[in-house]
Structures are given as structure tokens and as C-alpha cells.
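Just so you know, these numbers use all the heavy atoms, side chains as well, and skip hydrogens, waters and symmetry mates. All values derive from a computational prediction rather than experimental measurement. Protein chains get the first letters and strands the later ones, always in sequence-line order, with residue 1 at the start of each.
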Protein chains: 2
Amino acid sequence: MERVCRELFRSGSDSIRIKKEETAVKNLMAILEAALNLSVKKGFDAMSLRDLQAESGLSMGCLYSYFPGKEALLHIMQDQGRKFVMGIMAEALEEPAPPEEKLEMAIRTHIYLSENMQKWFYFSYMETKNMGRDEAKKAIESELLTESIFRDILEEGEKAGVFSFEDANLTAAMIKAMLQDWYLKRWKYKNRQIHVDEYANFLIRFIRKALVQP
Amino acid sequence: MERVCRELFRSGSDSIRIKKEETAVKNLMAILEAALNLSVKKGFDAMSLRDLQAESGLSMGCLYSYFPGKEALLHIMQDQGRKFVMGIMAEALEEPAPPEEKLEMAIRTHIYLSENMQKWFYFSYMETKNMGRDEAKKAIESELLTESIFRDILEEGEKAGVFSFEDANLTAAMIKAMLQDWYLKRWKYKNRQIHVDEYANFLIRFIRKALVQP
DNA sequence: GTCTATAGCCGGATAGAC
DNA sequence: GTCTATCCGGCTATAGAC
């Protein structure tokens, strides 16, 4: 969280009117944390800036020296989160490896990442539709990029003769759908006391079974 | 749609102040259709009653003689839709059949139902979090009920020796996640020109592969 | 049954004191 | 850098004419 906020400050967004890095980062953290909590609880639209003021411990006027308006805040949250997530995914997959290992690595990385950033993933998914055309486009591109990571691994595996499937696109889409269930239906898995390791292990085996020739 | 609205009228909800069935049903259809369209486009919260007035062709005052307030409208939409969907699913699965056929029947019914009622399914999923405690509970129960339909079929199949899997609950959850992708990511499948039959056929084979012993 | 007009409130945004 | 006070527009909801 601190890493994200520091980067946001240093990116030199002219909407931040604060000069001192330490105070800026500290308050940005309070703001984004509060906004995420409230958005997940009641939805970004339903969250008023007065709610945000109370939850973050800052005043109305102070909020506005960190972002120029409510809509801009939504974009900041989406953008910064996306950059961070994409960075982690790319980092995890940069070393070459055989397709089976790479698939497992990609699945595990995504699940553990969405475990640690569960609120952001949930928020990002649910609020995509409320964004303007250009921002919605970025969200879609991001979804397709993640999906293409899996599609590429599948195709590599097919060439190498270790995977067999009908349609790489559809298979990748199904993998993505199953990954998303982990952060979208968290209440369900919590109630059933399914731990993240259990979910990841199950999913890897489930997918592997579907990837072999009958 | 007409069927749902007529039933809503006849259920004798005292919030409907209109006496003549034909006018009531006609207007209810206009209202629910408009509300669904607007909710899907911009979200239920962001839809104002003035939007609804314009889209439905009725006046502000008239709207209020069909439902007592905006929040009540949300509940009506959720409730009526849920009743209808559950009725169809139960109807489709009432006849006994071997587990393999039953599984296919359940998957197809759900996919084609969510194809025909795509907007309602999308709306219902996205707006669950905005509802009060009691209504949210009903939505969760409904999700678990659908899931249990699949879990029961899986367990029947395991006893009969035709299916083999690690965990019935998790497997059912994964099936549900893949069914949901069809109506949640409709833009994706539309762009790729994946027809509903293609999706259903693919999914059935994909799941079947994951249900056999390696 | 349906309409228009209006009450009353709440949210986003800003000005300017400290 | 942060606060309080205030403006203004849009929202839900209702009253009462037709």
C-alpha cells in the first residue's frame, strides 16, 4: 500500500497540491484505504465524500488537495491498482520455464495476489461498469491481457505436446473465471473454511485434468 | 416478461394502487423493462427516477402508484426474477434421469436461461451488494441453492460410478463460476462471435473431462 | 389513473480562515 | 497543509389538479 501511494505521489500528478512527501504518502494511504473499504461495503457510488472524510480522518477540504474530484479518485484507484498488479504478474513470469510449471506459476501468482489485494480486486471488478468510456476500455484491455497470458501458456503447451484442448481462447476464459471466483465469492469460501492453499491446489489439479486428452 | 408482471400484480402487493389488471400489467412491464435497461447501462444507484420516468414513458407520480420507493423497486426486481428463474430450473430437472444427462440438462438450462434473461442475471449479480441485509441473504441463499443442484448431481454420479472428483462442493462452485462467465462477460463472447450453443457444448465437454479419473 | 409542481434533503465542490 | 462554512444542483418523494 505504501509502495503504491509513494509511486502515485512521485508520478507527479498535478492534482496533488501537497509538497512534503511524507505527509502526502501518509494521507494518501489513509484516503485510498478508506475509499476501498467503503466502496467494497456499499459501492463507490453510494459512498459520499462525507463518509470518506469520516473514515479517513481527514477533512473535506483536505481531501480535495489530494484529488480533484470523486470521479478522479475512482480512476486513481483503478489505475494505480492495475499498474501494480500487472507489474507483479509480469515479474513472476519473466523467467522461462516449461508450460506445465508456467501454468501453475501463473495460477498461483494470480490467486495469492488476489488474496492479498482482495478488496481491490473486488472493487475493480464491480466498479468497472461505472467508469467512463476510456477507463472502461483500459479495464477491458487489462482483462484481455491477463487472459492472453494463459492463452499463450496453453498454446506453448499444446506445441510441446503436454496439453490438449479444444479451444485456447475458451479454455483461458474458463481459467480466468475460476480465478475470479476466489475474490468475488470470498464469503462462500470463508464460511466453508477453504484456505487459499486448498483452493489453489484444487484448481491446479482440476484444470490439469481438463487439459489432457481423453 | 408479461408472465412475471402479471404474477406480480396478482400477488396482491398492496404497494400497487392500480385496480385494472390490463393497465397495471402494461405499465409494470414498461417500468421493469426500463429499470432493467438503465440499471445494466449505468447501475441501479446511478439511475434516477427521472431517468426511469423518461425511459418508461410514465410520469413521476404514476411511477409511485406502482411501487412505494426506489429501494422497493430494487427488491421487486430481484424477487420476481429469482422466483421465475428458480421455477424454470426446478421444472427442467423434475424428471428423473441418469447423472450424466442430468448434469448436461442443468448446464444447458442455466446457460439458455441466462441467455434469454441476460440483463436480469447481470443486474442481479451486480446489485446484490447494494441491498439490505435481509435481501442480500436471500440472494446468497439463491446462489447456494443453484450450487447445491450441481453438487447433488455430482454426488449421485459419484455413487453411480460415472463421475470422479476430489471435492463436490469445490467442483460445483467451479461449474457455477463458468456458467456465470457467460452472462457477466457477454461483451467478450459477442466480440469473439461465440454463439450460445458453442459455449454450452464447449463447457459440457470441458467439465466432463475434469470429472473423469486420471 | 395520470399528470405537474414543489417540498425538503443530501451530495459534490469551493472559498477563505487559521 | 488543514479546517469550517457555505453554495448549488439534483435527487426522492408527495400534494393536489385534471
- [ ] Find the distance B/Leu73:CG to D/dT12:C1' and express it as a whole number of Å.
- [x] 13 Å
Open item on the list: Is the ring pair B/Tyr189/B/Tyr199 parallel, tilted or perpendicular, if the boundaries are 30 and 60 degrees?
Closed with: perpendicular
So which heavy atom on [X] is nearest to which on [Y], and how close?
X: B/Tyr125; Y: B/Gln180; result: CE1-NE2, 3.7 Å
X: B/Asp167; Y: B/Leu170; result: OD1-N, 2.8 Å
X: A/Met77; Y: A/Trp120; result: O-NE1, 3.1 Å
X: B/Ala46; Y: B/Asp51; result: O-OD2, 3.9 Å

Open item on the list: Taking salt bridge (Lys or Arg N to Asp or Glu O under 4.0 Å) as the cut-off, I'd like each qualifying pair that reaches into residues 132-142 of chain B, sequence neighbours left out, listed once.
Closed with: B/Asp79-B/Lys138, B/Arg82-B/Glu135, B/Glu135-B/Lys138
Open item on the list: Can you give me the first and the last nucleotide of DNA chain C (5' to 3') that has an atom within less than 4.0 angstrom of a non-hydrogen atom in chain B?
Closed with: C/dG1 to C/dT4
TODO: Kindly compute the distance separating CD (A/Glu71) from NE2 (A/His75), expressed to the nearest 0.5 Å.
DONE: 4.5 Å
Open item on the list: Taking side chain to side chain contact (heavy atoms under 4.5 Å, CB included) as the definition, give me every residue that meets it alongside B/Gln53, ordered by chain and number, with sequence neighbours left out.
Closed with: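 Side chain to side chain contact (heavy atoms under 4.5 Å, CB included) list for B/Gln53, sorted by chain: B/Arg50, B/Met60, B/Leu63.
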Open item on the list: Short of 4.0 Å, heavy atom to strand atom, which residues of residues 46-63 of chain B count as contacting DNA chain D?
Closed with: B/Met47, B/Ser48, B/Leu49, B/Arg50, B/Met60
Task: Residues in contact with DNA chain D, drawn from residues 3-27 of chain B - heavy-atom cutoff 4.0 Å - done: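 Those residues whose heavy atoms fall under 4.0 Å from DNA chain D, taken from residues 3-27 of chain B, amount to none.
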- [ ] Please determine if B/Glu143 and A/Lys185 form a salt bridge, counting it only when a charged side-chain N lies under 4.0 Å from a carboxylate O.
- [x]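 So B/Glu143 pairs with A/Lys185 through a salt bridge.
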Expected list for residues 84-91 of chain A: side-chain donor-acceptor pairs under 3.5 angstrom, two or more places apart:
none

- [ ] Scan A/Tyr66 against the nucleic acid and name what it touches under 4.0 Å (heavy atoms): base, sugar-phosphate only, or nothing.
- [x]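 Here A/Tyr66 touches the backbone only, sparing every base.
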